[in-house]
2 protein chains.
Amino acid sequence: MTKPEVRSRGVRSTAEAQRVRILARAVEVFARSGYRATPVTDVALEANVSTAYVFRLFDGKLGLFVAAVDECYERIAAAMTAGAEKSAGTGSAELLDAMSTAYVALIHDRSLIALQVHAQSACDVPEIQEAVRRGIAKVVRTVSAASGADDDAVQRFLAYGQLCHLIVQAGLGDVDSSWARLVDHGIRHD
Amino acid sequence: MTKPEVRSRGVRSTAEAQRVRILARAVEVFARSGYRATPVTDVALEANVSTAYVFRLFDGKLGLFVAAVDECYERIAAAMTAGAEKSAGTGSAELLDAMSTAYVALIHDRSLIALQVHAQSACDVPEIQEAVRRGIAKVVRTVSAASGADDDAVQRFLAYGQLCHLIVQAGLGDVDSSWARLVDHGIRHD
DNA sequence: GTTGTTTGTGACTGGACAGTCACTTGTGTG
DNA sequence: CACACAAGTGACTGTCCAGTCACAAACAAC
(Lines give C-alpha, C1' and ligand atoms only; values in the text may rest on other atoms or scores of the structure.)
Protein backbone atom coordinates (compact mmCIF):
# COMPACT_ATOMS: atom_id res chain seq x y z
CA MET A 1 0.00 0.00 0.00
CA THR A 2 2.76 2.45 0.95
CA LYS A 3 4.83 1.95 -2.19
CA PRO A 4 2.73 0.79 -5.09
CA GLU A 5 5.20 2.04 -7.69
CA VAL A 6 8.07 -0.15 -6.46
CA ARG A 7 6.25 -3.42 -7.08
CA SER A 8 7.36 -4.04 -10.62
CA ARG A 9 11.00 -3.29 -9.94
CA GLY A 10 13.90 -5.27 -8.51
CA VAL A 11 14.12 -8.83 -7.17
CA ARG A 12 11.47 -11.39 -8.01
CA SER A 13 9.71 -12.64 -4.87
CA THR A 14 11.54 -15.65 -3.48
CA ALA A 15 8.30 -16.93 -1.96
CA GLU A 16 6.80 -17.33 -5.39
CA ALA A 17 9.86 -19.28 -6.49
CA GLN A 18 9.48 -21.55 -3.49
CA ARG A 19 5.85 -22.08 -4.33
CA VAL A 20 6.84 -23.31 -7.76
CA ARG A 21 9.60 -25.51 -6.39
CA ILE A 22 7.38 -27.06 -3.77
CA LEU A 23 4.59 -27.59 -6.28
CA ALA A 24 6.90 -29.56 -8.54
CA ARG A 25 7.81 -31.75 -5.59
CA ALA A 26 4.18 -32.12 -4.63
CA VAL A 27 3.35 -33.54 -8.05
CA GLU A 28 5.98 -36.23 -7.59
CA VAL A 29 5.21 -37.06 -4.00
CA PHE A 30 1.42 -37.10 -4.31
CA ALA A 31 1.82 -39.28 -7.40
CA ARG A 32 3.39 -41.96 -5.24
CA SER A 33 0.51 -42.63 -2.86
CA GLY A 34 -2.30 -40.21 -3.63
CA TYR A 35 -4.11 -37.54 -1.71
CA ARG A 36 -5.05 -39.24 1.52
CA ALA A 37 -2.05 -41.47 1.99
CA THR A 38 0.52 -38.76 1.46
CA PRO A 39 1.40 -36.60 4.47
CA VAL A 40 2.24 -32.99 3.75
CA THR A 41 5.41 -33.63 5.71
CA ASP A 42 6.65 -35.85 2.90
CA VAL A 43 6.30 -33.04 0.40
CA ALA A 44 8.04 -30.63 2.76
CA LEU A 45 10.86 -33.09 3.34
CA GLU A 46 11.39 -33.63 -0.37
CA ALA A 47 11.45 -29.87 -0.94
CA ASN A 48 13.79 -29.24 2.00
CA VAL A 49 11.46 -26.89 3.78
CA SER A 50 9.47 -27.20 6.97
CA THR A 51 5.91 -28.48 7.03
CA ALA A 52 4.79 -25.19 8.53
CA TYR A 53 6.12 -23.31 5.54
CA VAL A 54 4.22 -25.48 3.10
CA PHE A 55 1.05 -24.72 5.00
CA ARG A 56 1.85 -21.06 4.82
CA LEU A 57 2.30 -21.10 1.05
CA PHE A 58 -0.71 -23.29 0.24
CA ASP A 59 -4.26 -23.38 1.46
CA GLY A 60 -4.08 -26.56 3.47
CA LYS A 61 -3.32 -30.02 2.17
CA LEU A 62 -6.30 -29.81 -0.15
CA GLY A 63 -5.08 -26.58 -1.71
CA LEU A 64 -1.68 -28.13 -2.27
CA PHE A 65 -3.13 -31.20 -3.90
CA VAL A 66 -5.46 -29.20 -6.14
CA ALA A 67 -2.56 -27.02 -7.22
CA ALA A 68 -0.56 -30.15 -8.03
CA VAL A 69 -3.40 -31.55 -10.13
CA ASP A 70 -3.75 -28.28 -12.02
CA GLU A 71 -0.01 -28.27 -12.65
CA CYS A 72 -0.22 -31.85 -13.88
CA TYR A 73 -2.84 -31.11 -16.53
CA GLU A 74 -1.04 -27.92 -17.44
CA ARG A 75 2.07 -29.88 -18.28
CA ILE A 76 0.10 -32.46 -20.24
CA ALA A 77 -1.65 -29.84 -22.35
CA ALA A 78 1.66 -28.11 -22.98
CA ALA A 79 3.31 -31.35 -24.09
CA MET A 80 0.42 -32.11 -26.43
CA THR A 81 0.64 -28.72 -28.03
CA ALA A 82 4.39 -29.00 -28.44
CA GLY A 83 4.05 -32.48 -29.92
CA ALA A 84 1.46 -31.32 -32.42
CA GLU A 85 3.59 -28.39 -33.50
CA LYS A 86 6.33 -30.72 -34.62
CA SER A 87 3.94 -32.37 -37.08
CA ALA A 88 2.28 -29.17 -38.20
CA GLY A 89 0.77 -29.22 -41.66
CA THR A 90 -0.07 -32.95 -41.69
CA GLY A 91 -3.48 -34.60 -41.32
CA SER A 92 -5.43 -34.88 -38.09
CA ALA A 93 -4.65 -38.58 -37.70
CA GLU A 94 -0.92 -37.83 -37.87
CA LEU A 95 -1.37 -34.98 -35.43
CA LEU A 96 -3.15 -37.22 -32.94
CA ASP A 97 -0.37 -39.71 -33.34
CA ALA A 98 2.24 -37.04 -32.69
CA MET A 99 0.37 -36.07 -29.57
CA SER A 100 0.30 -39.67 -28.41
CA THR A 101 4.03 -39.83 -28.88
CA ALA A 102 4.50 -36.63 -26.92
CA TYR A 103 2.30 -37.98 -24.14
CA VAL A 104 4.17 -41.27 -23.99
CA ALA A 105 7.46 -39.38 -23.71
CA LEU A 106 6.07 -37.09 -21.02
CA ILE A 107 4.82 -39.87 -18.82
CA HIS A 108 8.00 -41.86 -18.98
CA ASP A 109 8.29 -41.26 -15.29
CA ARG A 110 4.87 -42.30 -14.16
CA SER A 111 4.13 -39.33 -11.93
CA LEU A 112 1.66 -37.63 -14.23
CA ILE A 113 -0.29 -40.81 -14.89
CA ALA A 114 -0.41 -41.77 -11.25
CA LEU A 115 -1.49 -38.33 -10.18
CA GLN A 116 -4.33 -38.30 -12.67
CA VAL A 117 -5.55 -41.64 -11.40
CA HIS A 118 -5.27 -40.54 -7.79
CA ALA A 119 -7.19 -37.36 -8.56
CA GLN A 120 -9.89 -39.32 -10.32
CA SER A 121 -10.17 -41.54 -7.28
CA ALA A 122 -10.42 -38.59 -4.90
CA CYS A 123 -13.28 -37.01 -6.82
CA ASP A 124 -15.54 -37.39 -3.80
CA VAL A 125 -13.89 -34.17 -2.62
CA PRO A 126 -15.65 -31.43 -4.60
CA GLU A 127 -12.58 -29.24 -5.05
CA ILE A 128 -10.69 -32.18 -6.49
CA GLN A 129 -13.52 -33.07 -8.80
CA GLU A 130 -13.51 -29.51 -10.08
CA ALA A 131 -9.77 -29.68 -10.68
CA VAL A 132 -10.22 -32.89 -12.65
CA ARG A 133 -12.96 -31.31 -14.73
CA ARG A 134 -10.78 -28.29 -15.44
CA GLY A 135 -7.97 -30.60 -16.45
CA ILE A 136 -10.05 -32.73 -18.78
CA ALA A 137 -11.58 -29.63 -20.33
CA LYS A 138 -8.15 -28.24 -20.98
CA VAL A 139 -6.87 -31.46 -22.53
CA VAL A 140 -9.95 -31.96 -24.68
CA ARG A 141 -9.85 -28.41 -25.97
CA THR A 142 -6.13 -28.61 -26.61
CA VAL A 143 -6.36 -31.90 -28.47
CA SER A 144 -9.38 -30.82 -30.50
CA ALA A 145 -7.90 -27.51 -31.47
CA ALA A 146 -4.37 -28.68 -32.18
CA SER A 147 -5.36 -31.77 -34.15
CA GLY A 148 -8.51 -30.59 -35.86
CA ALA A 149 -9.76 -34.16 -35.53
CA ASP A 150 -13.48 -34.83 -35.32
CA ASP A 151 -15.15 -35.46 -31.97
CA ASP A 152 -15.22 -39.24 -32.29
CA ALA A 153 -11.49 -39.37 -32.94
CA VAL A 154 -10.77 -37.16 -29.93
CA GLN A 155 -13.04 -39.30 -27.78
CA ARG A 156 -11.25 -42.43 -28.93
CA PHE A 157 -7.93 -40.75 -28.13
CA LEU A 158 -9.12 -40.17 -24.58
CA ALA A 159 -10.55 -43.65 -24.17
CA TYR A 160 -7.31 -45.37 -25.12
CA GLY A 161 -5.46 -42.91 -22.93
CA GLN A 162 -7.53 -44.10 -20.00
CA LEU A 163 -6.78 -47.68 -20.94
CA CYS A 164 -3.10 -46.78 -20.91
CA HIS A 165 -3.46 -45.50 -17.36
CA LEU A 166 -5.00 -48.79 -16.27
CA ILE A 167 -2.20 -50.74 -17.92
CA VAL A 168 0.48 -48.68 -16.20
CA GLN A 169 -1.15 -48.68 -12.77
CA ALA A 170 -1.76 -52.41 -12.81
CA GLY A 171 1.67 -53.03 -14.28
CA LEU A 172 0.23 -55.15 -17.07
CA GLY A 173 3.36 -54.61 -19.14
CA ASP A 174 5.12 -56.98 -16.75
CA VAL A 175 2.44 -59.66 -16.85
CA ASP A 176 3.17 -62.48 -19.22
CA SER A 177 -0.26 -63.84 -20.02
CA SER A 178 -2.49 -63.81 -23.05
CA TRP A 179 -5.14 -61.61 -21.40
CA ALA A 180 -2.52 -59.04 -20.49
CA ARG A 181 -1.15 -59.02 -24.02
CA LEU A 182 -4.66 -58.49 -25.33
CA VAL A 183 -5.14 -55.42 -23.15
CA ASP A 184 -1.65 -54.15 -23.86
CA HIS A 185 -1.58 -54.69 -27.59
CA GLY A 186 -0.56 -51.66 -29.60
CA ILE A 187 -0.69 -49.34 -26.59
CA ARG A 188 2.54 -47.45 -26.16
CA HIS A 189 3.92 -46.81 -22.72
CA ASP A 190 7.40 -46.95 -21.24
CA MET B 1 -10.67 -82.67 13.94
CA THR B 2 -12.79 -84.47 16.56
CA LYS B 3 -15.87 -84.71 14.38
CA PRO B 4 -14.93 -84.56 10.73
CA GLU B 5 -18.11 -86.31 9.61
CA VAL B 6 -20.41 -83.70 11.16
CA ARG B 7 -19.00 -80.81 9.12
CA SER B 8 -21.26 -81.11 6.11
CA ARG B 9 -24.40 -81.52 8.23
CA GLY B 10 -26.67 -79.07 10.01
CA VAL B 11 -26.57 -75.34 10.25
CA ARG B 12 -24.34 -73.32 7.92
CA SER B 13 -21.71 -71.44 9.88
CA THR B 14 -23.08 -68.10 10.93
CA ALA B 15 -19.56 -66.64 10.81
CA GLU B 16 -19.38 -67.37 7.11
CA ALA B 17 -22.73 -65.65 6.61
CA GLN B 18 -21.44 -62.62 8.49
CA ARG B 19 -18.36 -62.58 6.34
CA VAL B 20 -20.52 -62.38 3.26
CA ARG B 21 -22.77 -59.71 4.77
CA ILE B 22 -19.85 -57.58 5.90
CA LEU B 23 -18.13 -57.98 2.56
CA ALA B 24 -21.18 -56.63 0.74
CA ARG B 25 -21.14 -53.64 3.04
CA ALA B 26 -17.42 -53.19 2.56
CA VAL B 27 -17.90 -52.89 -1.20
CA GLU B 28 -20.35 -50.04 -0.68
CA VAL B 29 -18.43 -48.24 2.02
CA PHE B 30 -14.99 -48.50 0.44
CA ALA B 31 -16.54 -47.29 -2.81
CA ARG B 32 -17.42 -44.02 -1.14
CA SER B 33 -13.93 -42.85 -0.22
CA GLY B 34 -11.46 -45.54 -1.16
CA TYR B 35 -8.95 -47.63 0.72
CA ARG B 36 -7.03 -45.09 2.79
CA ALA B 37 -9.80 -42.65 3.58
CA THR B 38 -12.25 -45.28 4.78
CA PRO B 39 -11.92 -46.40 8.40
CA VAL B 40 -12.77 -50.01 9.11
CA THR B 41 -15.09 -48.64 11.77
CA ASP B 42 -17.34 -47.30 9.03
CA VAL B 43 -17.71 -50.73 7.50
CA ALA B 44 -18.41 -52.24 10.90
CA LEU B 45 -20.99 -49.58 11.68
CA GLU B 46 -22.78 -50.12 8.39
CA ALA B 47 -22.84 -53.86 9.00
CA ASN B 48 -23.98 -53.48 12.62
CA VAL B 49 -21.05 -55.32 14.09
CA SER B 50 -18.10 -54.20 16.16
CA THR B 51 -14.82 -53.15 14.63
CA ALA B 52 -13.08 -55.91 16.55
CA TYR B 53 -15.26 -58.50 14.89
CA VAL B 54 -14.43 -57.26 11.41
CA PHE B 55 -10.76 -57.60 12.25
CA ARG B 56 -11.39 -61.12 13.45
CA LEU B 57 -13.10 -62.14 10.21
CA PHE B 58 -10.68 -60.45 7.82
CA ASP B 59 -6.93 -60.22 7.65
CA GLY B 60 -6.57 -56.55 8.57
CA LYS B 61 -7.93 -53.62 6.66
CA LEU B 62 -5.93 -54.66 3.63
CA GLY B 63 -7.44 -58.14 3.62
CA LEU B 64 -10.90 -56.64 3.83
CA PHE B 65 -10.26 -54.26 0.95
CA VAL B 66 -8.74 -56.94 -1.25
CA ALA B 67 -11.73 -59.18 -0.57
CA ALA B 68 -14.04 -56.33 -1.52
CA VAL B 69 -12.18 -55.75 -4.79
CA ASP B 70 -12.33 -59.44 -5.64
CA GLU B 71 -16.05 -59.45 -4.90
CA CYS B 72 -16.47 -56.41 -7.12
CA TYR B 73 -14.89 -58.02 -10.17
CA GLU B 74 -16.71 -61.26 -9.43
CA ARG B 75 -20.03 -59.45 -9.70
CA ILE B 76 -18.99 -57.66 -12.86
CA ALA B 77 -17.94 -60.88 -14.58
CA ALA B 78 -21.16 -62.54 -13.50
CA ALA B 79 -23.27 -59.68 -14.86
CA MET B 80 -21.41 -59.79 -18.17
CA THR B 81 -21.99 -63.50 -18.53
CA ALA B 82 -25.67 -63.15 -17.70
CA GLY B 83 -26.04 -60.28 -20.15
CA ALA B 84 -24.42 -62.25 -22.94
CA GLU B 85 -26.62 -65.25 -22.30
CA LYS B 86 -29.71 -63.21 -23.05
CA SER B 87 -28.38 -62.47 -26.54
CA ALA B 88 -27.05 -65.96 -27.17
CA GLY B 89 -26.84 -66.99 -30.80
CA THR B 90 -26.23 -63.51 -32.19
CA GLY B 91 -23.00 -62.01 -33.54
CA SER B 92 -20.10 -60.91 -31.41
CA ALA B 93 -20.90 -57.20 -31.87
CA GLU B 94 -24.39 -57.76 -30.52
CA LEU B 95 -23.00 -59.81 -27.67
CA LEU B 96 -20.58 -57.04 -26.71
CA ASP B 97 -23.46 -54.61 -26.85
CA ALA B 98 -25.54 -56.84 -24.59
CA MET B 99 -22.67 -56.95 -22.14
CA SER B 100 -22.40 -53.17 -22.20
CA THR B 101 -26.07 -52.95 -21.38
CA ALA B 102 -25.66 -55.42 -18.52
CA TYR B 103 -22.71 -53.44 -17.20
CA VAL B 104 -24.58 -50.15 -17.36
CA ALA B 105 -27.46 -51.69 -15.44
CA LEU B 106 -25.11 -53.18 -12.86
CA ILE B 107 -23.34 -49.93 -12.14
CA HIS B 108 -26.49 -47.91 -11.77
CA ASP B 109 -25.45 -47.37 -8.20
CA ARG B 110 -21.89 -46.23 -8.69
CA SER B 111 -20.28 -48.48 -6.09
CA LEU B 112 -18.67 -50.90 -8.48
CA ILE B 113 -17.24 -48.16 -10.67
CA ALA B 114 -15.91 -46.17 -7.76
CA LEU B 115 -14.36 -49.22 -6.16
CA GLN B 116 -12.54 -50.12 -9.37
CA VAL B 117 -11.14 -46.62 -9.62
CA HIS B 118 -10.11 -46.60 -5.98
CA ALA B 119 -8.41 -49.96 -6.39
CA GLN B 120 -6.58 -48.75 -9.48
CA SER B 121 -5.40 -45.77 -7.51
CA ALA B 122 -4.19 -47.89 -4.60
CA CYS B 123 -2.08 -50.12 -6.84
CA ASP B 124 1.06 -48.99 -5.03
CA VAL B 125 0.09 -51.63 -2.47
CA PRO B 126 1.22 -54.91 -4.03
CA GLU B 127 -1.70 -56.96 -2.74
CA ILE B 128 -4.14 -54.49 -4.22
CA GLN B 129 -2.33 -54.46 -7.53
CA GLU B 130 -2.58 -58.24 -7.60
CA ALA B 131 -6.30 -58.05 -6.92
CA VAL B 132 -6.72 -55.58 -9.77
CA ARG B 133 -4.79 -57.84 -12.10
CA ARG B 134 -6.91 -60.82 -11.09
CA GLY B 135 -10.02 -58.77 -11.71
CA ILE B 136 -9.00 -57.52 -15.14
CA ALA B 137 -7.92 -61.02 -16.12
CA LYS B 138 -11.30 -62.35 -15.11
CA VAL B 139 -13.20 -59.65 -17.00
CA VAL B 140 -11.07 -59.98 -20.14
CA ARG B 141 -11.42 -63.73 -20.20
CA THR B 142 -15.15 -63.53 -19.56
CA VAL B 143 -15.75 -60.95 -22.27
CA SER B 144 -13.56 -62.73 -24.80
CA ALA B 145 -15.12 -66.11 -24.18
CA ALA B 146 -18.72 -65.01 -23.95
CA SER B 147 -18.64 -62.70 -26.96
CA GLY B 148 -16.23 -64.50 -29.24
CA ALA B 149 -15.12 -61.06 -30.40
CA ASP B 150 -11.59 -60.55 -31.69
CA ASP B 151 -8.90 -59.07 -29.47
CA ASP B 152 -9.16 -55.55 -30.85
CA ALA B 153 -12.87 -55.40 -30.20
CA VAL B 154 -12.40 -56.59 -26.64
CA GLN B 155 -9.65 -54.06 -26.12
CA ARG B 156 -11.89 -51.29 -27.43
CA PHE B 157 -14.63 -52.50 -25.10
CA LEU B 158 -12.26 -52.08 -22.18
CA ALA B 159 -10.97 -48.71 -23.31
CA TYR B 160 -14.42 -47.18 -23.55
CA GLY B 161 -15.28 -48.79 -20.23
CA GLN B 162 -12.38 -46.90 -18.68
CA LEU B 163 -13.59 -43.70 -20.30
CA CYS B 164 -16.99 -44.36 -18.77
CA HIS B 165 -15.35 -44.57 -15.34
CA LEU B 166 -13.73 -41.20 -15.86
CA ILE B 167 -17.03 -39.66 -16.93
CA VAL B 168 -18.82 -40.98 -13.88
CA GLN B 169 -16.12 -40.07 -11.39
CA ALA B 170 -15.76 -36.54 -12.72
CA GLY B 171 -19.53 -36.21 -13.04
CA LEU B 172 -19.24 -35.07 -16.65
CA GLY B 173 -22.85 -36.02 -17.25
CA ASP B 174 -23.81 -32.97 -15.20
CA VAL B 175 -21.48 -30.59 -17.00
CA ASP B 176 -23.11 -28.54 -19.69
CA SER B 177 -20.24 -27.65 -21.99
CA SER B 178 -19.20 -28.71 -25.45
CA TRP B 179 -16.05 -30.42 -24.26
CA ALA B 180 -18.05 -32.50 -21.77
CA ARG B 181 -20.55 -33.47 -24.45
CA LEU B 182 -17.67 -34.55 -26.68
CA VAL B 183 -16.32 -36.87 -23.99
CA ASP B 184 -19.74 -38.12 -23.04
CA HIS B 185 -21.15 -38.68 -26.49
CA GLY B 186 -22.63 -42.11 -27.03
CA ILE B 187 -21.35 -43.47 -23.73
CA ARG B 188 -24.11 -44.99 -21.65
CA HIS B 189 -24.13 -44.48 -17.90
CA ASP B 190 -26.67 -43.27 -15.35
C1' DG C 1 19.75 1.38 15.05
C1' DT C 2 15.15 0.94 15.18
C1' DT C 3 11.10 -0.20 12.94
C1' DG C 4 8.66 -3.01 9.65
C1' DT C 5 8.22 -6.73 6.34
C1' DT C 6 9.13 -11.16 4.47
C1' DT C 7 11.12 -15.76 4.78
C1' DG C 8 11.29 -19.53 7.49
C1' DT C 9 11.09 -22.92 11.56
C1' DG C 10 10.65 -25.92 16.08
C1' DA C 11 7.55 -27.46 19.03
C1' DC C 12 3.32 -28.46 19.99
C1' DT C 13 -1.94 -30.04 20.02
C1' DG C 14 -6.05 -32.41 19.16
C1' DG C 15 -8.14 -35.87 16.78
C1' DA C 16 -8.46 -39.99 14.12
C1' DC C 17 -7.60 -44.66 13.32
C1' DA C 18 -5.45 -49.69 12.94
C1' DG C 19 -5.15 -53.30 15.58
C1' DT C 20 -5.37 -56.02 20.16
C1' DC C 21 -7.01 -58.33 24.29
C1' DA C 22 -9.54 -59.70 27.99
C1' DC C 23 -13.98 -60.55 28.56
C1' DT C 24 -19.09 -61.93 27.91
C1' DT C 25 -22.74 -64.37 25.89
C1' DG C 26 -24.82 -68.06 23.42
C1' DT C 27 -25.12 -72.97 22.03
C1' DG C 28 -24.55 -77.72 21.49
C1' DT C 29 -22.75 -82.12 23.91
C1' DG C 30 -21.96 -85.55 27.56
C1' DC D 1 -24.93 -79.10 35.33
C1' DA D 2 -20.38 -78.71 33.44
C1' DC D 3 -17.50 -78.24 29.64
C1' DA D 4 -15.85 -76.67 25.34
C1' DC D 5 -16.01 -73.82 21.78
C1' DA D 6 -17.79 -70.23 18.57
C1' DA D 7 -19.77 -65.54 18.14
C1' DG D 8 -19.22 -61.10 19.49
C1' DT D 9 -17.74 -56.77 21.97
C1' DG D 10 -15.93 -52.61 25.01
C1' DA D 11 -12.17 -50.47 26.17
C1' DC D 12 -7.82 -49.57 25.38
C1' DT D 13 -2.96 -48.33 23.09
C1' DG D 14 0.40 -46.51 20.12
C1' DT D 15 1.05 -43.99 16.20
C1' DC D 16 0.48 -40.81 12.70
C1' DC D 17 -0.82 -36.50 10.89
C1' DA D 18 -3.19 -31.75 9.71
C1' DG D 19 -2.80 -27.52 11.12
C1' DT D 20 -1.21 -23.65 14.42
C1' DC D 21 1.60 -20.39 16.88
C1' DA D 22 5.14 -18.05 18.83
C1' DC D 23 9.39 -17.00 17.56
C1' DA D 24 14.00 -16.24 14.82
C1' DA D 25 16.73 -14.41 11.19
C1' DA D 26 17.47 -11.70 7.12
C1' DC D 27 16.84 -7.56 4.83
C1' DA D 28 15.06 -3.03 3.68
C1' DA D 29 13.94 1.90 4.79
C1' DC D 30 14.56 5.94 7.32
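Basis for what follows: all heavy atoms, side chains included, without hydrogens, waters or symmetry-related copies.
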*For every nucleotide of nucleotides 11-22 of chain C, 5' to 3': is a protein heavy atom under 4.0 Å from its base (B), only from its sugar-phosphate (S), or from neither (-)?*
------SSBBB-
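Under the salt bridge (Lys or Arg N to Asp or Glu O under 4.0 Å) criterion, no residue pair touches residues 48-57 of chain A, with sequence neighbours excluded.
A close approach under 4.0 Å does not occur between any side-chain nitrogen or oxygen of B:Q18 and OP1 or OP2 of D:dA7.
Between A:R133 and A:E130 there is no salt bridge, since no side-chain N of the basic residue sits under 4.0 Å from a carboxylate O of the acidic one. Salt-bridge formation is not detected for the pair A:D124/B:R32: no Lys NZ or Arg NE/NH1/NH2 atom is positioned less than 4.0 Å from an Asp or Glu carboxylate oxygen. Between A:D97 and A:R188 a salt bridge is recorded (basic side-chain N to carboxylate O distance below 4.0 Å).
Taking atom CZ of A:R21 as the reference point, atom C1' of C:dT7 lies 13 Å away to the nearest angstrom. A:I22 has its CD1 atom 11 Å from the C1' atom of C:dT7, to the nearest Å. The nearest whole Å value for the distance from the OH atom in B:Y53 to the C1' atom in C:dC23 is 16 Å. Between the CD atom of B:E16 and the P atom of D:dG8 there is a distance of 12 Å, rounded to whole Å. Whole-Å rounding puts the A:L57 CG to D:dA18 P distance at 16 Å.
No side-chain heavy atom of B:L96 sits less than 4.5 Å from a side-chain heavy atom of B:R156.
A:S33 is linked by a side chain to side chain donor-acceptor pair (under 3.5 Å) to nothing, counting only residues two or more places apart in sequence or in another chain.
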